[in-house]
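Here the structure is laid out as structure tokens; the discussion comes afterwards.
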2 protein chains.
Amino acid sequence: MTPAPPATPAPTPDGMGVQPVPPRRLAELPSWLLSRAAGVGAGVVGEALAAHGVRRHHFSVLHALAEGGAVSQAELGRRLGLDRSDLHVVLGELEASGLVERSPDVHDRRRNSVDITEPGRARLVELDAAVDSAQRTLLARLDDAERAEFRRLLVVLLGDSIPAPAE
Amino acid sequence: MTPAPPATPAPTPDGMGVQPVPPRRLAELPSWLLSRAAGVGAGVVGEALAAHGVRRHHFSVLHALAEGGAVSQAELGRRLGLDRSDLHVVLGELEASGLVERSPDVHDRRRNSVDITEPGRARLVELDAAVDSAQRTLLARLDDAERAEFRRLLVVLLGDSIPAPAE
DNA sequence: TCCTGATCGTTGGTGACACCAACGTTGGTG
DNA sequence: CACCAACGTTGGTGTCACCAACGATCAGGA
């Protein structure tokens, strides 16, 4: 297929506005498309969250705590696929904002028990709405059936590499 | 929707090996799944390329040049959705490796005409093989029909936001 | 009991990638 | 000529992923 058109012999004044076309080979690569789509997704979601003063990791942490209750930092990192060191910073910021609480674990003094606060839950409600809106923006070009199938394929593709790609 | 299951009352000894489970809410978010999948893709592709001494941007640039012929740096950036400044670095590395050539544009002295070299084309053959292999790894859990549909959905989702999400 | 190894939180660093601001140079236009 | 746009370049910021090391703590076996 594609007998390889001998490279645009067209003059292509280079600067003009035919609109930029990526190399065909890249536009066919699943990994490239995936990276682009993820970039768009991170953009719209990040923007939506930034309007409420948080980043994506903060949102993830708040949800993990809201759903799973108080856990240690290490366990939190395991569930979200986040490195302990990165989590340390995120938790510091969340704690400074009063959205989470860190308290020493009475059963194991190595651990910090982290939990979401009431202000954290309140903030999470706003964030959820913003993120849902961002999802709609992201998936705007897909109909309902396509959205469902898209999500299904992503889940299948990821398989057990959720949440931590690292072995 | 989602009447909010009252948070796992299960004790969950926290440290134990049930395998980390991300919050349900996140596992349903298309943007989150997308980000994860893109991370996995970037991982396998990046690893494959690193074995040949290049990163993903180098691969993109080489392909753009191989398909489109010599172009200016700015036009290259437009086609690939890369910032001029980032491209500057990438081109410097590629030129140092002898895979591309920069020469002043005779018709417009502002521009550099960038083209791929013969060693560049040779390297690209290796890179293509490695990247194809990485795609197979990435899509291993999807059958042929699913892979086609997955790619189609990505293209539809991206719409005209290829290659530059930035307006 | 003591020793050993694993886990915890913390600190500090690296690399890839996206994006932005500014500069001097050059081209095109009024 | 004066002006603005585009070019390549330099230098910076922010997000995210990942890694190495430290002291403190816990659990298990000798």
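These numbers come from the heavy atoms of this one structure, side chains and all, not from hydrogens, waters or symmetry mates. Below, chains carry the letters A, B, ... as their sequence lines are ordered, and counting in each starts from 1.
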Of B/Ser35 and B/Arg84, whose nearest nucleotide on DNA chain D comes first from the 5' end? B/Arg84
Using a heavy-atom cut-off of 4.0 Å across all strands, would you classify [X] as base, sugar-phosphate, or nothing?
{"X": "A/Asn112", "result": "sugar-phosphate"}
{"X": "B/Asp86", "result": "base"}
{"X": "B/Leu87", "result": "nothing"}

Is any side-chain N or O of A/Asp83 under 3.5 Å from a base N or O of D/dC19, one able to act as donor and the other as acceptor? yes
Quiz item: B/Ser85 side-chain donor-acceptor pair to D/dG12 base, under 3.5 Å: no
Taking only the side-chain nitrogens and oxygens of [X], find out if one of them lies under 4.0 Å from OP1 or OP2 of [N].
{"X": "B/Arg78", "N": "D/dC7", "value": "yes"}
{"X": "A/Arg111", "N": "D/dT25", "value": "no"}
{"X": "A/Gln73", "N": "C/dT7", "value": "no"}
{"X": "A/His107", "N": "D/dC26", "value": "no"}

Quick one: on DNA chain C, does A/His88 or A/Arg110 contact a more 5' nucleotide (nearest heavy atom)? A/Arg110
Taking [atom1] from [X] and [atom2] from [N], how many angstroms apart are they, rounded to a whole number?
{"X": "A/Asp105", "N": "D/dT25", "atom1": "CG", "atom2": "C1'", "value": "12 Å"}
{"X": "A/Arg109", "N": "D/dA27", "atom1": "CZ", "atom2": "P", "value": "11 Å"}
{"X": "A/Leu82", "N": "D/dC19", "atom1": "CG", "atom2": "C1'", "value": "15 Å"}
{"X": "B/Trp32", "N": "D/dC16", "atom1": "CH2", "atom2": "P", "value": "14 Å"}
{"X": "B/Arg102", "N": "D/dG8", "atom1": "CZ", "atom2": "P", "value": "9 Å"}
{"X": "A/Leu80", "N": "D/dC18", "atom1": "CG", "atom2": "P", "value": "13 Å"}
{"X": "B/Glu47", "N": "C/dA16", "atom1": "CD", "atom2": "P", "value": "14 Å"}
{"X": "B/Leu94", "N": "D/dG8", "atom1": "CG", "atom2": "C1'", "value": "16 Å"}

Trace of the salt bridge (charged side-chain N to carboxylate O under 4.0 Å, His left out) decision for B/Glu146 with B/Arg141: CA-CA 9 Å; B/Glu146 287 173 329; B/Arg141 297 172 188 275; over 6 Å; no
Ranking C/dG27, C/dC17, C/dG9 by distance to the side chain of B/Arg56, first place goes to C/dC17
Return the minimal non-hydrogen interatomic distance between A/Leu87 and A/Gly77, and the atom names on each side. CD2-N, 3.2 Å
Restricting to side-chain contact (heavy atoms from CB on, under 4.5 Å), what partner residues turn up for A/Arg84, sequence neighbours left out? A/Ala74
Determine the stems involving DNA chain C; a stem requires 3 or more consecutive pairs of the Watson-Crick or G-U wobble kind, each with both distances below 3.5 Å, and the answer is none if no such run exists. C:1-30 with D:1-30
For residues A/Val114 and A/Glu101, determine if any side-chain heavy atom of one lies less than 4.5 Å from a side-chain heavy atom of the other. no
With a 4.0 Å cut-off on N to O distance, would you call A/Arg79 and A/Glu75 a salt bridge? yes
Using a strict cut-off of less than 4.0 Å between a Lys/Arg side-chain nitrogen and an Asp/Glu carboxylate oxygen, indicate whether B/Arg25 and A/Asp128 qualify as a salt bridge. yes
Under 4.5 Å between side-chain heavy atoms, counting indirect links through other Ile/Leu/Val/Met/Phe/Trp/Tyr residues: same cluster for A/Leu138 and B/Val156 or not? yes
Could you tell me which residues satisfy side chain to side chain donor-acceptor pair (under 3.5 Å) with B/Gln135, sequence neighbours excluded, listed by chain and number? A/Ser31
